There are 2 protein chains.
Amino acid sequence: MFIVLEGWACRYKILPNGARQIMAFLMPGDACDLHIKLLAEMDHGIQALTSALVARVSQGDMQALMQRHPNIAAAMYSAQLVDEGIMRAWIVSMGRRSSIERVAHLICELYLRARGIGLTYDDEFALPLSQLVLADALGMTAVHINRVLKELRLEGAMSLGRGSVVICDLAKLIQIAGFDENYLHRRLR
Amino acid sequence: MFIVLEGWACRYKILPNGARQIMAFLMPGDACDLHIKLLAEMDHGIQALTSALVARVSQGDMQALMQRHPNIAAAMYSAQLVDEGIMRAWIVSMGRRSSIERVAHLICELYLRARGIGLTYDDEFALPLSQLVLADALGMTAVHINRVLKELRLEGAMSLGRGSVVICDLAKLIQIAGFDENYLHRRLR
DNA sequence: TGGGCATCATAACAAATGGCAATAAGCTCA
DNA sequence: TGAGCTTATTGCCATTTGTTATGATGCCCA
């Protein structure tokens, strides 16, 4: 089992036609591969998106830790629930939100997650992901996400540039996204 | 905690604009609401799609059962992994598959799951879901799914009518879908 | 320092999908 | 059985998004 300590990673799948879909972003504090051993075969990959620092915890150590400290076990379980909630939110985004709503929603999610781990400075946070990566996460093309980012900038909601996001008007961004923060189990403001 | 014994249900979310997105289908044998108590608030709903028979198991009974029978605990855990795999597959479908590929992929998934619980007859199985429901699961409109179903019928891959699906050419359906069965932990054929 | 890359930005056009409308078909219930 | 409803089917047009191409910008490293 692995835990990201610094940097960004993602879960992704490459389809037969070569397209990539990113299914999750992993930020510092996120764990992955809990289940690799149990899966007959892994149907997707995990990849670092920046240089990253990762901790490896053996299955045995993990189990011992969780038995000795029930609150750690509870935290792992809770993190698991949050991850599922995020996946469900992504399904909703992909299915029923327009491209601008999708982008806004993802930025809301990432901003909150970054804030939860102390990675924001006021209304700004580092987002070292290329537009291509964002496109592959949101099920759109790099060209189109560029159009959408321009629109969000012109509307004064947010702007992304040189590896960091500035949230210009959080309320507007939330409203565009139709963002409902409950699923992250964290509070906005 | 609830277990579906007969019929179909779904997890869904209604967005501010009134659109519905279905995030999962629940078939006989599927459990849900394991986590309702732990979530501050539920950010989505669960709904029966046909008349259904459901068993309720109290949290206490469940824990006792899982402690007494580790193989049941393992089965629950494994089912959980499959559910996550399905969610990831849905994200991939919504993000990077065309509408016809998405429909084919969902039908492959449902056919396999139905077969796993003995609900198929040869290459046919009951699918008592309206095209509107399928559309809300696949992130498309009912009109468009109708066009796609017609195309799949004309191609001789499958046909859906009167509440049941006939798989005319499984290999072709799998090929259209780009279906990779690993994630269900079951084998095709 | 400057060549070579990756990324970003934008335009013009093409394709996929949505929206609306009209009709047909099937189902439920009095 | 037939009225009234939901669901399915189809056509036409609008909109969103993808595709391809081109140039600009910035960055890394020889």
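The structure presented is a predicted model; accordingly, all values stated were derived computationally and were not measured. In the text below, chain A, chain B and the rest are named by the order of the sequence lines, each starting its count at 1.
- Rounded to 10 degrees, the angle separating the terminal axes of the helix from C:dT1-D:dA30 to C:dA30-D:dT1 is 50°, with each axis obtained from five end pairs.
- Residue pairs that meet the side chain to side chain donor-acceptor pair (under 3.5 Å) test with at least one member in residues 129-149 of chain B, sequence neighbours left out, are A:Arg96-B:Asp136, B:Arg20-B:Asp136, B:Ser99-B:His144, B:Gln131-B:Asn146, B:His144-B:Arg147.
- B:Asp30 meets the salt bridge (Lys or Arg N to Asp or Glu O under 4.0 Å) test with B:Arg113; sequence neighbours excluded.
- A nucleotide of DNA chain C counts as in contact with chain A when one of its atoms lies under 4.0 Å from a heavy atom; the first and last such, 5' to 3', are C:dC8 to C:dA12.
- Residues forming a side chain to side chain contact (heavy atoms under 4.5 Å, CB included) with B:Asn71 (at least two apart in sequence, or on another chain): B:His69.
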B/S/- along nucleotides 11-30 of chain D (protein heavy atoms under 4.0 Å) is BB----SBBB----------

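- For B:Gln131 and D:dA8, the CD to P distance is 4 Å, given to the nearest whole Å.
- Under the rule for a ring pair (Phe, Tyr, Trp, His ring centres under 6.0 Å), the partners of B:Phe125 that lie at least two apart in sequence or sit in another chain are B:Tyr111.
- Shown here are the side chain to side chain donor-acceptor pair (under 3.5 Å) partners of B:Glu124, two or more places apart in sequence or in another chain: B:Ser164.
- Annotation: salt bridge (Lys or Arg N to Asp or Glu O under 4.0 Å) contacts of B:Asp180 (sequence neighbours excluded): A:Lys13.
- Of the side-chain N and O atoms in B:Asn146, none sit less than 4.0 angstrom from OP1 or OP2 of D:dA8.
- Under the 4.5 Å side-chain contact rule for hydrophobic residues, B:Ile22 and B:Leu132 do not share a cluster.
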Name each donor-acceptor pair under 3.5 Å that joins a side chain in residues 148-156 of chain A to protein atoms two or more places apart or in another chain, with its distance.
none

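- By the ring pair (Phe, Tyr, Trp, His ring centres under 6.0 Å) test, A:Phe25 pairs with A:Trp90, sequence neighbours left out.
- Taking the side chain to side chain donor-acceptor pair (under 3.5 Å) definition, one finds that A:Ser159 meets it with nothing, sequence neighbours left out.
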